[in-house]
Amino acid sequence: MSHQEVIAQLKKVVRRLRWLNILQLLPDTLLVYSIIQLAFSGQLVTLFNATFNRREAILVTVMFALIDICVTGIRYNDRVAGKRLISQLTGQLTAPEVTLIKRFENLK
């Protein structure tokens, strides 16, 4: 890959990681909310104005946890891909390229 192709791919990875960081807030929030509702409820658990028995609420919480794990895995793979791209860069880097690398490192 040429230097410019690596920089273009790194820009895409940085943009995607930024969106994934924002997206990660949703499953994290849902998971915390459902765990709190499970902890402080009896046999009937109310999640988002819907009443579930305890077993169904646990299943919903497990689904939220699986979604959270999937988004975390996607973020991990993108971080690994970004590190590989950065390792391919050689020679003198321009100021915007250094800034791009710093933005990537801040998204970890």
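Only this structure's heavy atoms are used, side chains among them; waters, hydrogens and symmetry mates stay out.
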When rounded to the nearest 0.5 angstrom, what is the spacing between [atom1] in [X] and [atom2] in [Y]?
{"X": "Leu31", "Y": "Ile67", "atom1": "CG", "atom2": "CD1", "answer": "10.0 Å"}
{"X": "Arg103", "Y": "Arg15", "atom1": "CZ", "atom2": "CZ", "answer": "9.5 Å"}
{"X": "Ile74", "Y": "Ile69", "atom1": "CD1", "atom2": "CD1", "answer": "12.5 Å"}
{"X": "Leu47", "Y": "Thr51", "atom1": "CG", "atom2": "OG1", "answer": "9.0 Å"}

Any chain of hydrophobic side-chain contacts (each under 4.5 Å) joining [X] to [Y]?
{"X": "Val45", "Y": "Ile35", "answer": "yes"}
{"X": "Phe48", "Y": "Leu26", "answer": "yes"}
{"X": "Leu20", "Y": "Val80", "answer": "no"}
{"X": "Val60", "Y": "Leu38", "answer": "yes"}
{"X": "Val62", "Y": "Phe64", "answer": "yes"}

Glu97 and His3, any side-chain heavy atoms less than 4.5 Å apart:
yes
For Thr90, enumerate each residue passing the side chain to side chain contact (heavy atoms under 4.5 Å, CB included) test, keeping only those at least two apart in sequence or located in another chain.
none
Hey, what else clusters with Ile101 if you join Ile, Leu, Val, Met, Phe, Trp, Tyr whenever side-chain heavy atoms sit under 4.5 Å?
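Its cluster mates, by chain and number, are Met1, Val6, Ile7, Leu10, Val13, Val14, Leu17, Leu85, Ile86, Leu89, Leu93, Val98, Leu100, Phe104, Leu107.
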Tell me who clusters with Phe40, hydrophobic residues only, linked when side chains sit under 4.5 Å apart either directly or through other members.
Val32, Ile36
Give every residue pair that meets the salt bridge (charged side-chain N to carboxylate O under 4.0 Å, His left out) criterion with at least one member in residues 32-59, sequence neighbours excluded.
none
Any pair with a residue in residues 58-79 that passes salt bridge (charged side-chain N to carboxylate O under 4.0 Å, His left out), sequence neighbours left out, goes on the list, sorted by first then second residue, please.
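Qualifying pairs, neighbours excluded: Arg16-Asp78.
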Pairs in or reaching into residues 26-48: which pass side-chain hydrogen bond (donor to acceptor under 3.5 Å, both in side chains), with residues at least two apart or in two chains?
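Sorted result for residues 26-48: Gln24-Asp28, Tyr33-Gln37, Ser34-Thr61.
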